[in-house]
Structures are given as C-alpha cells and as structure tokens.
Number of protein chains: 2
Amino acid sequence: MSRKPTRDDVARLAGTSTAVVSYVVNGGPRRVREETRQRVLRAIGELGYRPNALAKSLSHGRTDLYALLVPDLANPYLAALAQALEHEFFARGKVLLVGDSHDDPDRETLILEAFLRQQIAGLVWYGVNQPLPLDLLEESHVPAVLLNQPTGPPQNGSRAVGLSGRPGIWSVSADERLEGRLATEHLVDHGRRTIAIVAGPNGRRNARERVRGWEKALRRADLPSSAPIHVPFTREGGRASVDHVLELGADAVVASNEMQAIGLLNGLHLRGVRVPEDVAVIGINGTPLAEYASPSLSMVEMPAPAVADRIARALNGEGDAGGAAIAPYVVARASCGCGDVSERIEDGAP
Amino acid sequence: MSRKPTRDDVARLAGTSTAVVSYVVNGGPRRVREETRQRVLRAIGELGYRPNALAKSLSHGRTDLYALLVPDLANPYLAALAQALEHEFFARGKVLLVGDSHDDPDRETLILEAFLRQQIAGLVWYGVNQPLPLDLLEESHVPAVLLNQPTGPPQNGSRAVGLSGRPGIWSVSADERLEGRLATEHLVDHGRRTIAIVAGPNGRRNARERVRGWEKALRRADLPSSAPIHVPFTREGGRASVDHVLELGADAVVASNEMQAIGLLNGLHLRGVRVPEDVAVIGINGTPLAEYASPSLSMVEMPAPAVADRIARALNGEGDAGGAAIAPYVVARASCGCGDVSERIEDGAP
DNA sequence: GTGAAAGCGCTAACAT
DNA sequence: ATGTTAGCGCTTTCAC
C-alpha cells in the first residue's frame, strides 16, 4: 500500500486492459462502453490513482509546462504579468515555470537551458538584451513569445507578430512610443510647459522608444524638449533623477516605468516639492499599485491580463494572435493634477 | 537533422554504449576512461545533445521540479519570496513551478493536484486557510514546507519545525506575535499613547497573533488597547481603515502587512492627516518597496532571502532546518517619526 | 572500463 | 469495444 498506484494497478482492479484506462482518463482517443468506464472510474477512486504527467509527456511527446523568464520577478509589473499568465495557462491545463535572470544574460542562458531540458511546451521571455540571443531558442522547436523586443516598424498598441528566424517565435510588445506620447500629451493638456522625461538606461532600445514618443508630443505642442534623464528602470533610479528634474526647472515629468515613477515621487517628497502643484508626474506601465501611491500616480497602462491573454493565444495557436492591438491608455489620478478623479481616458488614433 | 538527438545518437557517434554516455553526463555512478569521456563529450557537442529531463526523472524516480503555491503572486511580499525561492532552487539545479490560488481553496486544491501530477520533488505552500487541508499532501510523499501555518507554541522568530501528520512536512513561519509586539513597542518608544492596529480578517489565526503581540506591548507599557480594526490584507483594506483609525483618535497605527500599510498611508494622505506628525505608522512584513513610500514606511521585516534559504534547506534535508531562528527586526524610516534615519534596530529577547 | 537489457508509467497503432 | 505491445529517453543492475 505504499507504492503509488499506476495505470497497471487500475487496469488490474477494473479488470480491463491498460489501454482502456488510458481512454477513460484522457477521454479518448477511443470510446469506452459506459459500464466499463464506470468500473475504471471506480477503480481509480478506490486506489487514489493520479496519472503521472512525466510518463504521459514522455510518451506523448509534449509536456504541460510553460515557462516564463524575466529579469526581475519582484518588479510589480512583471509579478502582475506572472500572475496573469499563470491564470491563463492554468485555464488551459498548463502549469507555469518561472525563471528570474536578475538582469544577467549568462544566468538567462542557464535558465533557458534548464527550461529546455524540461521539454517546456512554450516560453515567454522578457529578455535582458535587445536584440536577444535567439540561437538556443531557434534550434529548439519550442514556441516562444518575446516581450520587450521591438520588432519592425512601430505598431499601434500591442500585437503578436511572427518574428523572423523560425516560425513559432512571436513578439508581443507594447508600442512604447505611443505610450510615451500619451503620457506627455496628458501633461500638455494640463497646461504644463516644461516637461522632462526620466528615461531608461541610455542605449536601451525600449527606453529610446518612449523618449521618441515624448519628443513627438512636445514637438506637436510646440514645446521645447530637454535632454532625457537616463537612469536605471528602478525606484532608486527614479529617486536619483530628482536633482536633474529640478535643475531643468520642469513643471512636469514623464517616468518611463512604475518603479521609476514611485522613486521619483519619493524623491520629490524628500525635497519638499509638491506633486502635482509644483511638478506633475505621470508614469508608464502602471499596475494596481499606482493608485495607492501618495499622491496616487497617473499612469499609462496596458493591463497585464490583456497582455497575458494575447500571449497565451499566441502560444496556443488560437486564432489571430496578430489581431487587434491592445491599446495603452491613460489612467488619470492625482499626480498629474487630475485631482482624485480616477477616470480612464481612451486614446484616439495617432 | 530535424529530430532532437537522443542519448542513442550520442552513443552511436561516440562508438560507445548508452550506459557510458549516462556515466559521462551524470558524472557517475561508474567511472569512465578519460579518453572515452572525451569522445563522448565531443559527440555531445557535435550533436548539440541536450538531456531530456523528463525521461531522466521518469527513470530515476525523482524530478527537478519544486513548486510554490501562494494566494496572490502580485503581493509584493510573495513576489519577493518567489524570487528568493527561485534563486535558492536554481542554485540547487531545480526549477520552480508557481501556482496562484487567488485566495480560493478550491482552486488551491486543483493547483495542488496539477503539481502532484507533475511529480514535484517539493512544495512550498502559503495556504489560504488555517489549518490547511493536508490530506492530499499527506497521501503523496512530497516533502513540503508550509508557510503561514502557526504550529504549536509561539516561537522566537522563524524556524522550520516538523509538523505532525507525516514526516517531510515542515512549517516555516514567522513569529507573528513577536512582530506585532516589536512594531508596537517601537511606536511606544516614540511616545505615542493611543496606538491602534489594523488587523487582518477577523478569525484568521495569523491575524490574531499579530494582535496579541500588539496587546502585549500595550499592556507592558500600561497603555489602553482599542478594538482591532479588521479589514482584508489588502491596500483597499488599509485605506478603508482610516475612518476607524481617526475615530479612535489614534496617534499611531500598526498595520498588519505592507499592503495595508500602504493603503493606510494613502488613506491618511487623502484625509489630509500628516504622517508621522499627526499619526505615526508602522507595518509588518516589509519589502524593499516600503522605503519608497512617501513618507517612507517603517516596517518590521523578515527578509525573503533569509526565509527562502530556510525553506530550501528544509526541503533539501540540509542540516538543521529547525536551527537558529530568523529574527524579525524593525526597520525604522520616516512614517514612525524616525526622520530619514534608516537604521536597523535589533530585537532583544522576549 | 564497458555493454546489454530491464524497467520507469504512459500512449497509441495495430490486432482482435 | 477492448486487448496487446512497441516505443518515448534515460538509469542502473548485472554481465563480461
């Protein structure tokens, strides 16, 4: 009574063959007479039989394992994404493996290799570098969705597009430029004239895109643009940018992600600068956390659940992965001067 | 050249038997002549051979899969824990599976079953209910660490203890009572006289423990205690508790977790109450996020990396899982009135 | 030091 | 409708 019951035990107890047990457990590929079915089911219940997914996968040639590889699981945006992906995958009977590269390309490779050894059925990869070293991935035949990888011409919102290299590698990425533009335009609408931007590390492509959107909005509004303030995508970075922001005499700032925005808010608070009275703040890629900053943070958002849905569809080859874009939108709260209004402002076309 | 190379291919190319390839790949259990070893290694390199962990596990009877089951992956504390666990497990050649129960016991069971089907080698379970339904777990022989499950008499700090039921089930839990006491004592030291507590949902055992610690500290200081304010362990809950706090005329508040503390801070901000001048705030189970609240949040902490280390040791049967306790400590920041000092205050004995 | 072969638990093509 | 059986890729005992 110690060894875990196997399919053989079930078959023996039910007085059938092992194949029939398989058919019952999997609901196919053959039909089974109802009476037999019941007998098998009863045997399964009696033994407390639990199918071994390992054996199944080995035999069937396909696992139930999906993997997520990110640079920082503690980043609220990525944690929200992990949560949303787990939700989507679980709904499809898959289970989620996570890896945290700590922003280290070498570690990233090691993790990826571990995932491939596990014969993952799909990968979601928020990579450290741009572009990513795809060799490992390409020689495997694992379907993958790349995040944070700008591909081709800028797109409206987010979509899943096939990526050159090999079929089965997709890219789901936000239109960072649009996000930057939306954020900036909102500040312009508030009548701000000197709008600074806290950007990501110099040279990172996705950092650059957000800056481009900011520039575009300023140009359209006929406002001057200053030099982007390049700091890491961290709370520390945001806080450290405060001196620059004040030197520029800015009356508004766009922060390139939520962690930076929170750090910035804290930095301004420490300097005794009032938000939004003295300086208005808006960030990009908000999470539910933003609402609870003090003052609450206005953000451009593209909710993790929608992104996760898109990713899951792409990996499962469900319908039009490249279909309608997910549009980012402004969630106006207090930090931009919208008072306590927490309305959702939809975007028009570019 | 399309099929993935298997151990057979390697053996053929190296001109050896499959067993030898195994010995080389696993560094055992038999020795292999150096020359042969090199030949095998070369064949592996040439073919780009990657061992199939599935087959290995099926044969070997043990997977490299550890699983983490939590009620809310987006909770910064749990996200930090997930990150720290991934780190520990990866260092041991394991890979991390995550499940999010969304605070739903039924979902929790389904996820657990999925994990068991995957033949996980270990489980870390931050359960929804207290006590947890351990039947599923007990009939499996999976080593497990239960978090958030008060066991036996209160302990100093956190430790891994064997849990009745069956061997291989451990509990690593904070001494919630001590945490509550430390937080409260710190406020007392600041000269606060009316110290309220934002507790967790009424009836939850871990919520109760923190309240007990608070009561004890007040009693010792000869201060009156009010009724605990029971709200969910969420930011919404913290924010919603503000009216109660103000009604009580409190000049200080202990929040039972970080999300509540952040919500409370925001609620006070919205009411125009100054922190810490009018009301001092301290929370329990802080993460790096707390430092960036405005004002920065004083917290009782028990860092995720230390907890994760303890958990990993327990699961790996490494040394004294039940050894020295992890002591929670106060990280004093601005919200309690410690100014911008960010010193770490160690705790004495109970 | 190395090879042959019997499993690990399950799937599915092929029989009946 | 159900039984038989050959794998899936690897580990490991047992021979040599």
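Sequence lines set the chain letters: A, B, ... in the order given, protein chains first and strands last, and positions in each chain run from 1. Owing to the predicted nature of the structure, the values given are computational and were not obtained by experimental measurement.
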Non-neighbouring partners of [X] that pass side chain to side chain donor-acceptor pair (under 3.5 Å), sequence neighbours left out:
{"X": "A:Glu88", "value": "A:Arg92"}
{"X": "A:Asp309", "value": "A:Arg313"}
{"X": "B:Asn75", "value": "none"}

Task: Qualifying salt bridge (Lys or Arg N to Asp or Glu O under 4.0 Å) pairs, either residue in residues 45-69 of chain B, two or more places apart - done: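 Output for this query lists A:Glu139-B:Arg50.
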TODO: Write out all pairs satisfying salt bridge (Lys or Arg N to Asp or Glu O under 4.0 Å) with one or both partners inside residues 10-20 of chain A, taking only residues at least two apart or from two chains.
DONE: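 Checked against salt bridge (Lys or Arg N to Asp or Glu O under 4.0 Å) - neighbours excluded - the pairs reaching residues 10-20 of chain A are A:Asp9-A:Arg12.
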Open item on the list: Considering every strand and a 4.0 Å limit on heavy-atom distances, what is the contact class for A:Ser22: base, sugar-phosphate, or nothing?
Closed with: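 Touches a base.
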Nearest to side-chain heavy atoms of [X], which nucleotide of [options]:
{"X": "A:Thr16", "options": "C:dC10, D:dG3, C:dG3", "value": "D:dG3"}
{"X": "A:Ala55", "options": "C:dT2, C:dA12, C:dC10", "value": "C:dC10"}
{"X": "B:Thr18", "options": "D:dG3, C:dT2, C:dA5", "value": "C:dA5"}
{"X": "B:Pro29", "options": "D:dT12, D:dG9, D:dG3", "value": "D:dT12"}

- [ ] For residues A:Pro105 and A:Val128, report the shortest heavy-atom separation together with the two atoms involved.
- [x] CG-CG1, 4.2 Å
Between [atom2] of [N] and [atom1] of [X], the distance in whole Å:
{"X": "B:Asp9", "N": "D:dC10", "atom1": "CG", "atom2": "C1'", "value": "13 Å"}
{"X": "B:Lys4", "N": "D:dC8", "atom1": "NZ", "atom2": "C1'", "value": "12 Å"}
{"X": "A:Leu116", "N": "D:dG9", "atom1": "CG", "atom2": "P", "value": "16 Å"}
{"X": "B:Gln119", "N": "C:dG9", "atom1": "CD", "atom2": "P", "value": "9 Å"}
{"X": "B:Asp8", "N": "D:dA6", "atom1": "CG", "atom2": "P", "value": "17 Å"}
{"X": "B:Gln118", "N": "C:dC10", "atom1": "CD", "atom2": "P", "value": "13 Å"}
{"X": "A:Leu54", "N": "D:dC8", "atom1": "CG", "atom2": "C1'", "value": "12 Å"}

Open item on the list: Distance alone, cut at 3.5 Å: any donor-acceptor contact between the side chains of B:Asn52 and A:Gln118?
Closed with: no
Task: Residues in salt bridge (Lys or Arg N to Asp or Glu O under 4.0 Å) contact with B:Arg107, at least two apart in sequence or another chain - done: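 For B:Arg107 the salt bridge (Lys or Arg N to Asp or Glu O under 4.0 Å) partners, ignoring immediate neighbours, are A:Glu86.
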Open item on the list: Using a 4.0 Å cut-off on heavy atoms, which residues in residues 44-52 of chain A reach DNA chain C? List them by number, or say none.
Closed with: A:Tyr49, A:Pro51, A:Asn52
Task: Contacting residues from residues 56-65 of chain B, given that a heavy atom lies under 4.0 angstrom of DNA chain D - done: B:Lys56, B:Ser59, B:His60
Open item on the list: With the threshold set at under 4.0 Å for non-hydrogen atoms, list the residues of residues 30-41 of chain A touching DNA chain D in residue-number order.
Closed with: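 By residue number: A:Arg30, A:Arg31, A:Val32, A:Arg33, A:Thr36.
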Task: Partners meeting side chain to side chain contact (heavy atoms under 4.5 Å, CB included) with B:Gln38 (sequence neighbours left out) - done: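 Expected list: B:Glu34, B:Leu41, B:Arg42.
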Task: Donor-acceptor contact present, side-chain A:Ser57 to main-chain A:Ala53, <3.5 Å - done: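 Checking the backbone N and O of A:Ala53 against the side chain of A:Ser57, a donor-acceptor pair under 3.5 Å is found.
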TODO: Just jot down the ring pair (Phe, Tyr, Trp, His ring centres under 6.0 Å) partners of B:Phe89, sequence neighbours excluded, or say none.
DONE: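 B:Tyr66.
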When the side chains of residues 25-32 of chain B are checked against the rest of the protein, which donor-acceptor pairs come out under 3.5 Å, sequence neighbours left out?
residue: B:Asn26; atom: ND2; partner: B:Ser22; partner atom: O; Å: 3.4

